[in-house]
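Everything below concerns the one structure shown next.
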Amino acid sequence: MIRVLLVDDQPLVRKGLVMVLQPVEGIEVVGEAADGVEAVEGVGRLLPDVVVMDVRMPRLDGIEATKLIVRRHPASRVLVLTTFDVDEHVYGALRAGASGFLLKDAPVEQFVDAIRVVHSGASMWAAEATRRIVTHFTGAGQGDAAELIRRSGLTPREVEVLRHMARGLSNAQIGEELFVSDATVKTPVARVLAKLDARSRTHAVVMAFEAGLARKG
């Protein structure tokens with residue numbers, strides 16, 4: 001059972017999300033919060049698997065609340081859900097340690113799938129959000145790739161894996177490129193995330209673009 005905490009300052013939105021999730025097998029709404037302060041407190045008390053987080057809220061916004069939750073309760077994954085398709089929210093959610101970003105007008109099936117995906121330990125980013133991230137950091141990626149590799153201690157094979165990750169390839173697809181099984185790929189992927197101190201696969205990819213290690217196309 002996936003335990004979910006819903007965070008939004010609008011009671012009607014929370015009620016609507018509860019109605020959407022109630023009939024879904026394998027998902028249980030264990031609590032609600034009206035702002036970031038209540039969200040942080042609720043995570044500490046309820047220990048949910050997934051936190052569905054709004055961005056613009058009183059007292060403490062969703063980005064700052066996500067930072068606190070990720071730092072204090074790393075086992076709870078955060079899915080940011082907002083009506084605002086704004087670049088700063090996408091980047092803020094990513095840097096805060098969110099595992100996913102989805103717009104509130106997304107189909108119900110996509111919302112439910114996103115909860116399951118982030119609970120599994122993977123990342124879930126709306127297609128438009130992913131495009132903006134890649135486009136932004138491709139244009140700004142003027143960093144030093146050699147410095148990133150030296151500082152993190154990435155091996156040549158791990159750098160190769162990171163480049164394939166930046167192309168958006170799955171573990172199975174990377175395995176095909178490297179002529180190994182997708183199970184074998186899991187080890188270098190895990191090492192890349194650990195060495196970069198990346199909060200998610202997407203975060204590692206952004207770091208690669210920022211450093212100029214990866215390029216779009």
Side-chain angles (χ1 to χ4, degrees), residues 1-34 36 39 42-43 46-57 61-63 65-66 69-70 73-94 96-135 165-174 182 186 189 199-206:
M1 184 69 69
I2 303 173
R3 295 163 49 80
V4 176
L5 173 67
L6 301 174
V7 185
D8 196 292
D9 61 332
Q10 300 182 45
L12 285 179
V13 172
R14 297 199 306 274
K15 185 175 181 61
L17 294 177
V18 169
M19 292 178 65
V20 165
L21 295 178
Q22 268 184 338
V24 179
E25 185 177 354
I27 294 179
E28 177 187 8
V29 176
V30 296
E32 301 177 28
V43 171
L46 299 169
L47 300 178
D49 299 305
V50 176
V51 181
V52 176
M53 181 75 74
D54 187 25
V55 173
R56 291 188 176 178
M57 296 182 294
D61 67 37
I63 302 301
T66 296
I69 290 169
V70 170
H73 308 283
S76 293
R77 312 280 289 182
V78 178
L79 172 64
V80 172
L81 189 66
T82 178
T83 56
F84 301 96
D85 187 11
V86 181
D87 286 355
E88 65 185 64
H89 294 159
V90 177
Y91 309 147
L94 176 64
S99 297
F101 183 99
L102 203 62
L103 296 180
K104 288 182 179 177
D105 61 1
V108 169
E109 296 78 9
Q110 188 177 7
F111 171 51
V112 173
D113 185 53
I115 290 176
R116 289 178 171 144
V117 168
V118 299
H119 174 254
S120 74
S123 297
M124 178 73 175
W125 296 85
E128 178 63 14
T130 301
R131 184 192 67 76
R132 286 169 181 245
I133 291 169
V134 171
T135 299
M165 289 166 61
R167 290 171 55 202
L169 301 188
S170 66
N171 284 1
Q173 291 169 325
I174 294 174
D182 58 339
K186 290 181 181 179
V189 167
R199 292 178 291 268
S200 68
R201 193 184 186 101
T202 307
H203 187 204
V205 168
V206 168

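Positions are given from 1, in the same order as the sequence printed here.
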Problem - Note, R56 side chain near T82 side chain (heavy atom, < 4.5 Å) - result: no
Practice task
Taking all heavy atoms of P48 and all of V4, pick out the closest pair and write down the distance.
Solution key: CB-C, 4.3 Å
Practice task
Go through the structure and list residues passing side chain to side chain contact (heavy atoms under 4.5 Å, CB included) with V24, not counting sequence neighbours.
Solution key: I27, V112, R116
Handout entry: Between CG on residue L21 and CG on residue L6, distance to nearest 0.5 Å
Key = 6.0 Å
Completion exercise
One should read off an interatomic distance between L5 CG and L79 CG, to the nearest 0.5 angstrom, of 12.0 Å
Problem - Spatial distance of atom CD (Q110) from atom CG (D105) [nearest 0.5 Å] - result: 9.0 Å
Handout entry: More than 12 heavy atoms from other groups under 6.0 Å of CE on M19
Key = no
Exercise for the section: Determine the minimum heavy-atom distance between A98 and T66, stating which atoms define it. Expected result: N-CG2, 3.8 Å
Exercise for the section: Could you tell me which non-hydrogen atom of D9 sits nearest to which non-hydrogen atom of R14, and how far apart they are? Expected result: C-NH1, 4.0 Å
Practice task
Mind checking the CD1-CZ spacing from I2 to R77? Nearest 0.5 Å is all I need.
Solution key: 12.0 Å
Fill in the blank from the handout: Heavy-atom nearest pair, H73 first then L47, reads ND1-CD2, 4.1 Å
Handout entry: Partner residues of K186 under the side chain to side chain contact (heavy atoms under 4.5 Å, CB included) criterion, sequence neighbours left out
Key = N171
Practice task
I would like to know whether V29 and Q22 meet side-chain contact (heavy atoms from CB on, under 4.5 Å); could you show each step before the answer?
Solution key: CA-CA 7 Å; V29 176; Q22 268 184 338; 5.8 Å; no
Completion exercise
Heavy-atom nearest pair, V78 first then M53, reads CG1-CB, 3.8 Å
Practice task
Say whether, by atom type as modelled, one donor and one acceptor occur between the side chain of D61 and the main chain of V55 under 3.5 angstrom.
Solution key: no
Practice task
Could you pull out the closest heavy-atom pair between L81 and K104, with the gap in Å?
Solution key: O-CE, 3.6 Å
